[in-house]
Number of protein chains: 2
Amino acid sequence: MVNGLKLRASDLSKQASSADVIYNALRDAIIRGEIGEGGALRQDTIAQMFRVSRIPVREAMQRLEAQGLVVSERHKGAVVASLSVEQITEIFQFRALIEPIVIEMAVPLMTEKTLAEAQGHCDAFAAETDPLRWGDLNRAFHRVLYRDAGKPYFLSVVDKTNDLVERYVRLVLYFVQGMRHAVAEHQAILDACKERDAKGAAELTRRHIELASETLVDYLRTQKR
Amino acid sequence: MVNGLKLRASDLSKQASSADVIYNALRDAIIRGEIGEGGALRQDTIAQMFRVSRIPVREAMQRLEAQGLVVSERHKGAVVASLSVEQITEIFQFRALIEPIVIEMAVPLMTEKTLAEAQGHCDAFAAETDPLRWGDLNRAFHRVLYRDAGKPYFLSVVDKTNDLVERYVRLVLYFVQGMRHAVAEHQAILDACKERDAKGAAELTRRHIELASETLVDYLRTQKR
DNA sequence: GTTTGCATAATTGTATCCAATCTACAATAT
DNA sequence: ATATTGTAGATTGGATACAATTATGCAAAC
């Protein structure tokens, strides 16, 4: 019998392949905006970066393409997908519909631990001075609030949807709204959760997303893409 | 300048690779239930079926796994994902939330051509005697009604969600409700669309999905999985 | 100056081969 | 008889090599 052995989380999940590692690295780089729209993703270059052959790179690419983060053309290569203002608007519209529903389902089930964690993320977000970290903390805050809904499929859709527009959300945080505005809205959402006001939290979440969308679209139009 | 050139659809879409072909074939086989839950997908076997090496097979698998249709384990192989009753229920709950929203957006924009096409699918569905075709016609009917919403992202989410539960929907059509019930509901939805009753079409769609979900869950519980 | 043609380089798609590891079953020890 | 160990086959993960296609640079013609 196993007796004194300690298992780490990494032992429980299936062992990561090279393709997994590369997928996560590329996805994060795209999400964070480190590789900009239209940025080329050369199989050979990436393979050399990870000291592997092109095979696992291609497998990672298949997943990224399936998720809509990159588009590739035969014998031409893959580039980071670029979204039109219309596409971005539609995705934010989707978020503004689905995320309020998820938080509304989560509020009645939210534990004190979750509320404390969310407050922690919110405070950390407010205190963070490095703009490059704002995106991560913003994302973490929202994710925690949806967690207790206990709806894995809803969460996966929300996650994949957010992946597609994360780099634009970060644009808003960096250059447009600044962070103070987001902090106030986050605290309002969290307060509604603490008061178990599910409808209120949902409505605030909807407005939070819609405002971000409008702000972003205004910004993009001034940049006249 | 381009003057007089006729482009075919196949010229517009990028040329299909082996991986594309294999992905589509496997996805359809899974969706249609031709490969049942837990059915093994051996790379070598599939490669031989398509007369190719395992490389394109693996790339197709990555996409299928990203979409949640198969699960694979290192050195053990991939199998068709099996969904628990809880997972199926959640996915139908998602459908019952999102699809009414899409049809409600579509109704005001629906063209006569679309309405005629939908009626065609509905009639073809009613007249079809081969149960194996019911699933396709059912799916086609619903897709047409969502098309004019002009929301590609919403449609892609609806499509991917339906892919996950399509084999269970077909179970309901084949063995449980029969087709007559579905035809009546389809005609009711379509009639609401023709009368430009967006809210009505949405509500009927919601009930259509919820009823299918309840029927399916009852059936699955009797089969005590 | 612009365009066309061609040779070369760059890039992706796929086949083949090898390594790692899991499964099943037989052999052995307790 | 049961538990453990060892080994062979099966299966996947990945590297290397080659084929097919496209991009690029440059020279020649208009």
Side-chain angles (χ1 to χ4, degrees), chain A residues 1-3 5 7-8 10-27 30 35 38-81, chain B residues 1-3 5 7-8 10-27 30 35 38-81:
Chain A
M1 209 48 205
V2 182
N3 58 353
L5 290 179
L7 292 176
R8 288 181 299 180
S10 59
D11 299 323
L12 296 175
S13 69
K14 68 179 178 187
Q15 188 181 342
S17 66
S18 296
D20 293 328
V21 174
I22 295 166
Y23 167 76
N24 285 321
L26 290 179
R27 188 199 54 194
I30 293 170
I35 312 176
L41 300 169
R42 301 248 167 276
Q43 295 177 6
D44 212 15
T45 308
I46 295 165
Q48 286 169 9
M49 282 170 47
F50 289 92
R51 314 291 174 99
V52 296
S53 78
R54 282 167 33 226
I55 301 294
V57 174
R58 290 172 56 88
E59 292 176 357
M61 295 280 226
Q62 296 287 344
R63 294 193 225 174
L64 292 167
E65 196 173 2
Q67 204 181 331
L69 286 172
V70 315
V71 293
S72 76
E73 238 174 318
R74 199 182 173 88
H75 294 129
K76 287 191 178 176
V79 297
V80 176
Chain B
M1 215 44 207
V2 181
N3 56 355
L5 289 180
L7 293 177
R8 287 181 300 180
S10 58
D11 299 324
L12 297 174
S13 71
K14 65 181 177 186
Q15 187 182 344
S17 65
S18 297
D20 293 329
V21 173
I22 295 167
Y23 166 76
N24 286 321
L26 289 179
R27 189 200 52 192
I30 294 170
I35 311 176
L41 301 168
R42 300 252 167 271
Q43 294 177 7
D44 209 16
T45 308
I46 296 165
Q48 286 170 11
M49 282 170 46
F50 289 90
R51 314 291 174 101
V52 296
S53 76
R54 281 167 36 220
I55 301 294
V57 175
R58 289 173 50 173
E59 292 176 3
M61 294 282 224
Q62 295 288 342
R63 293 192 225 175
L64 293 168
E65 195 172 4
Q67 205 181 332
L69 286 172
V70 315
V71 292
S72 76
E73 238 175 316
R74 200 183 170 87
H75 295 129
K76 286 190 179 176
V79 296
V80 175

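Throughout, protein chains are lettered first and strands after them, A, B, ... in sequence-line order, and every chain is numbered starting at 1. This structure is a prediction, so every number in the text was calculated from the model and none was measured.
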query = Tell me, do A/R27 and A/I30 make a side-chain contact under 4.5 Å, heavy atoms counted?
reply =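 SC-SC contact between A/R27 and A/I30 ruled out.
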inquiry  = Is any side-chain heavy atom of B/L69 closer than 4.5 Å to one of B/V80?
reply    =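 When only atoms from C-beta onward are counted, B/L69 and B/V80 do not touch, as no gap falls below 4.5 Å.
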ask   = Quick one: what's the B/S/- string for nucleotides 7-14 of chain D, heavy-atom cutoff under 4.0 Å, read 5' to 3'?
value = ----SBBB
request  = List in chain and number order the residues that pass side-chain hydrogen bond (donor to acceptor under 3.5 Å, both in side chains) with A/Q43, two or more places apart in sequence or in another chain; answer none if no residue qualifies.
outcome  =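 For A/Q43 the side-chain hydrogen bond (donor to acceptor under 3.5 Å, both in side chains) partners, ignoring immediate neighbours, are A/R54.
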By side-chain hydrogen bond (donor to acceptor under 3.5 Å, both in side chains) - contacts of B/S17 (at least two apart) =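 With sequence neighbours excluded, B/S17 shows a side-chain hydrogen bond (donor to acceptor under 3.5 Å, both in side chains) to B/D20, given in chain and number order.
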request  = Check the distance between C/dG13's C1' and B/F50's CZ and give it to me in whole angstrom.
outcome  =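 In whole Å, C/dG13 C1' and B/F50 CZ are 17 Å from each other.
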query = Do you know which two heavy atoms are closest between B/S18 and B/V52, and how far apart they sit?
reply = OG-CG1, 4.1 Å
